[in-house]
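Data first, discussion second: the structure below is written as structure tokens.
Below, chain A is the first sequence line, B the second, and so on; all start at residue 1.
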Amino acid sequence: MSTNSELADRFREIADLLDLAGERFKPEAYRRAARTLESLTEDVRAVSGRGELDALPGVGAAISEKIREYLRTGSIEYYERLRLASPPGLLEILRLPGLGPKTARRFWIELGVEGPGELAQAIEAGRLAPLKGFGPRKIDLIRKALAPASAPGARTPLRTAARLAEGIVTALRRTAPIDQIEVAGSLRRGRESVGDIDILVTSTEPERVFDAFSALPERREISLRGSTKETILFGDGIQVDLRVVEPAAFGAALQYFTGSKDHNVRLRSLARDRGLKINEYGVFRGEERVGGTTEAEVYATLGLAFIPPEIREDQGEIALAAAGTLPGLVAASDLRGDLHVHASATATDTEMSEQIARARARGWEYLGVVLPPASSSAAERWRARATDGVAILVGEELRSWEAPSPGPGSTRPDYWLLRADEAGPPPSRTAAPGSDPTWLVTHLVTGVEGAQSDPASAASWIDWAVQAGAALEVSDAGAAGGLDGPLAHRLMERGGRLHVTPSGGDDVALGLALRTARRGWTTPDRVLNASARAALRRPPRPGRPARR
DNA sequence: GCCGTTTTCGGCCCGACTGTTTTCAGTCG
């Protein structure tokens, strides 16, 4: 685990302990700092070395001192002291679904319960019943929360969540009286992993929508159902919230439930400064609703340009939207091809035709087919298929840093595709690639899908790629295949290029790969497969860092 | 504990839902 995530975990634990101690605002302050550390794309040690810790959002004098203490000594005295103030098992109780700091503390003070095991015993011994506020239903809820199977699900990889959401939306459209429907939350922002799925609909018959939602075959358990919201646990324990909102509030609700939290907090304080109030029902001046039907209207009412969901992270996007200088992020219509299409050396004519037809259907100008080394006859067969406006480029896959010398009679590939997971870390100085042919680096092992990437290893790839003019891959597989959003952002800031790879092949995969690129503030001019075919071989001009 | 084109002190989002309540507390997002 990286130092960044160690510190983030430590601060989250401090926040939980402060919750138990009944502190009001400090817990959120520590959680905010934890979020900042987690989304940092460089080692916190480097930031500390430059003396810039307290420039990080949510990090002030006290927390930066604790970071320095941790870097120096490997521990934080404040944390050690807090930990001694209450039994460690209380934290486990606190993390059970439906149980919070107040309840955990009461169990400890009033029953002497110091952990989940003792809590279970107390329930079976009937010791909770006399407590004020604990009726049979609540006790039952706690009993269920203590069952091992109900452990709150870990965050779900973006790709898995997107497929599930897609299925739910399609089913609801078919079976429920729905007007508008949209997926919100961190899934819409394209976060690497999502905690739950938020779906918003407008409908004149909410009850029938909830009935249809409740009847979906993949549902495991209905957690709660009210008049505007229903929560269902699906298959592997992914929680899906469905909300029905008024058409006039759809934009405001979509904005509100898309987040991020930090983005919304800043937006609301900006609204307050301008004499307005924003909530999930609209934008209000006094009692009067002045916006909220569409999301664009919400931003326009505040004097802001529309901010794409992928960059709503409170990283300067609101100031740029106010100034009207947000960058235009890459979109599907910018892509002109795909250079990461694997093909076997023995592909049939039919398979080749199908691949080319798919590229043509997307309006692409070229298709880059990656072949194993020494497949020159296959390369010629592919090149011969370049018809109907789709050019064929041939890439050769490298699994080590030594580029093979072309055999007799074989032509050079149009580009190299380097598998980072097999070739090993990049050399510290710029190696051969240079400008011609183009290099594309794939399978960057920056982390396990859905988990946090290792900033140090990814940083070395980014440094190398920027120097060498190579493009790094962003795919729908998240961190398991290429860069995640924050690392793409770092690549953009450094002036590098990336390749958007829809490895799943369909529209959902393309959408996810694009969303990840957009999370990195990627503009079309920095996308290898948004370049005209003629520009592919040219060395990239050193780009200006993306603004943030 | 953080933060500031109304503040260096005094705020810090706020509404839905549940269970246990005759009016609210706790949790969640």
Which whole-number value in Å describes the distance from [X] [atom1] to [N] [atom2]?
X      : N      : atom1 : atom2 : result
A/D262 : B/dC3  : CG    : P     : 11 Å
A/K102 : B/dT20 : NZ    : P     : 18 Å
A/L99  : B/dG29 : CG    : P     : 13 Å
A/E65  : B/dC2  : CD    : P     : 11 Å
A/R106 : B/dG26 : CZ    : C1'   : 10 Å
A/L187 : B/dG29 : CG    : P     : 16 Å
A/L17  : B/dG1  : CG    : C1'   : 16 Å
A/L270 : B/dT5  : CG    : P     : 11 Å

**Message:** Below 4.0 angstrom, which residues in residues 113-129 of chain A have at least one non-hydrogen atom near DNA chain B?
**Reply:** none

So, [X] and [Y], do they make that salt bridge, N to O below 4.0 Å?
X      : Y      : result
A/R518 : A/E310 : yes
A/D16  : A/R83  : no
A/E230 : A/R243 : no
A/E288 : A/R285 : no
A/R68  : A/D54  : no
A/R191 : A/D484 : no
A/R12  : A/E28  : no

**Message:** Taking the nucleotide of DNA chain B with the nearest heavy atom to each, does A/G100 or A/R266 sit closer to the 5' end?
**Reply:** A/R266

**Asked** Taking the nucleotide of DNA chain B with the closest heavy atom to each, which residue, A/D54 or A/G135, is nearer the 5' end?
**Response** A/D54

Write down the distance separating the [atom1] atoms in [N] and [M], rounded off to the nearest Å.
N      : M      : atom1 : value
B/dG11 : B/dT18 : P     : 34 Å
B/dT27 : B/dT20 : C1'   : 14 Å
B/dG10 : B/dG15 : P     : 25 Å
B/dA25 : B/dT21 : P     : 14 Å
B/dT6  : B/dG1  : C1'   : 23 Å
B/dC3  : B/dC13 : P     : 14 Å
B/dC2  : B/dT8  : C1'   : 12 Å
B/dC9  : B/dC14 : C1'   : 24 Å

**Item:** Intermediate values then yes/no, salt bridge (Lys or Arg N to Asp or Glu O under 4.0 Å), A/R143 and A/D140
**Value:** CA-CA 5 Å; A/R143 192 182 280 121; A/D140 208 46; 3.1 Å; yes

**Message:** Give me each pair satisfying ring-ring contact (aromatic ring centres under 6.0 Å, His included) with a member in residues 232-253 of chain A, each pair once, sequence neighbours excluded.
**Reply:** none

Checking all strands, does [X] fall into the base, sugar-phosphate, or nothing category for heavy-atom contacts under 4.0 angstrom?
X     : answer
A/A61 : sugar-phosphate
A/P27 : nothing
A/R32 : nothing

**Complete:** Against the side chain of A/T103, the closest entry in B/dG1, B/dT27, B/dT20 is B/dT27

**Item:** Side chain of A/L224 (C-beta onward), nearest among B/dG1, B/dC17, B/dT27
**Value:** B/dC17

**Watson-Crick or G-U counterpart of B/dT8, or none if no pair lies under 3.5 Å** = none

**Prompt:** Is the distance between the ring centroids of A/F134 and A/F107 less than 6.0 Å?
**Reply:** yes

**Asked** With under 30° as parallel and over 60° as perpendicular, where do the rings of A/F306 and A/Y299 fit, or are they tilted in between?
**Response** perpendicular

**Asked** Is the distance from OP1 or OP2 of B/dG19 to the nearest side-chain N or O of A/K138 less than 4.0 Å?
**Response** no

Sub-3.5 Å pairs of nitrogen or oxygen atoms, protein against nucleotides 12-16 of chain B:
{"from": "B/dC13", "atom 1": "O4'", "to": "A/R268", "atom 2": "NE", "distance (Å)": "3.1"}
{"from": "B/dC13", "atom 1": "O2", "to": "A/R268", "atom 2": "NH2", "distance (Å)": "3.2"}
{"from": "B/dG15", "atom 1": "O3'", "to": "A/Y281", "atom 2": "OH", "distance (Å)": "3.3"}
{"from": "B/dA16", "atom 1": "OP1", "to": "A/Y281", "atom 2": "OH", "distance (Å)": "2.5"}
{"from": "B/dA16", "atom 1": "O3'", "to": "A/T228", "atom 2": "OG1", "distance (Å)": "3.3"}

